[in-house]
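Just so you know, these numbers use all the heavy atoms, side chains as well, and skip hydrogens, waters and symmetry mates.
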Amino acid sequence: MNTEQSAQGPEGRYASFEAFYPYYIHEHSNRTCRRIHVVGTGLVIAAFGAFCVTLNPWWLLAMPLVGYGFAWVGHFFFEKNRPATFKYPLWSLRGDFRLFFETVSGKRKF
């Protein structure tokens with residue numbers, strides 16, 4: 001049994017976010033894809049900030065469009081794989097933010 005299989009539960013799904021995150025990082029091994037993710041997540045945070053300042057709900061609509069738009073370009077054109085969002089939507093979102101904060105804090109190369 002490989003490491004990925006042992007980290008998964010009986011239904012073939014990851015039992016925890018900590019077990020999922022190495023898979024998430026592996027699915028983002030292309031540097032350009034990671035960079036696009038970091039930019040997209042930064043724009044999501046900026047859009048949320050703009051919403052908080054203006055209370056314009058269009059900024060809320062912009063958040064998933066910008067976030068997923070950037071991420072999916074990274075996956076389909078550079079990483080050449082299927083985004084983890086389709087199978088693990090919440091853990092993938094959490095992974096996006098962890099990747100972003102690891103990158104901006106210098107813990108992960110940009």
Contact summary for Phe70 and Ile36, nearest pair of heavy atoms
O-CG2, 2.8 Å

With sequence neighbours left out, what residues match Ser29 under side-chain hydrogen bond (donor to acceptor under 3.5 Å, both in side chains)?
Glu79

Given side chains that start at C-beta, do those of Thr103 and Arg34 come closer than 4.5 Å, heavy atoms only?
no

Which heavy atom of Ala84 sits nearest to which heavy atom of Tyr23, and what is that distance?
CB-CE2, 4.1 Å

Around Phe77, counting heavy atoms of other residues, nucleotides and ligands shown, do more than 12 lie under 6.0 Å from its CZ?
no

From Ile25 CD1 over to Leu99 CG, what is the distance, rounded to the nearest 0.5 angstrom?
5.0 Å

Kindly list each side-chain donor-acceptor pair under 3.5 angstrom involving residues 90-98, sequence neighbours excluded, with atom names and distances?
| unit_1 | atom_1 | unit_2 | atom_2 | d |
| --- | --- | --- | --- | --- |
| Ser92 | OG | Thr85 | OG1 | 3.2 |
| Asp96 | OD1 | Tyr24 | OH | 2.4 |
| Arg98 | NE | Glu102 | OE2 | 3.0 |
| Arg98 | NH1 | Glu18 | OE1 | 3.4 |
| Arg98 | NH1 | Glu18 | OE2 | 3.4 |

Does a side-chain heavy-atom distance below 4.5 Å link Phe76 with Pro83?
yes

Once you measure the plane-to-plane angle for His75 and His37, does it fall in the parallel (<30°), tilted (30-60°) or perpendicular (>60°) bin?
perpendicular

Looking at side-chain heavy atoms only, is the closest gap between Arg13 and Lys87 below 4.5 Å?
yes

Taking the six-membered ring of Phe110, is the NZ or CZ of Arg35 close enough (under 6.0 Å from the centre) and on axis enough (within 45°)?
yes

List the atom pairs, with distances to 0.1 Å, where a side-chain N or O of residues 47-66 and a protein N or O form a donor-acceptor pair under 3.5 Å, not counting sequence neighbours.
| unit_1 | atom_1 | unit_2 | atom_2 | d |
| --- | --- | --- | --- | --- |
| Thr54 | OG1 | Ala50 | O | 2.8 |
| Thr54 | OG1 | Asn56 | N | 3.1 |
| Asn56 | OD1 | Trp58 | N | 2.9 |

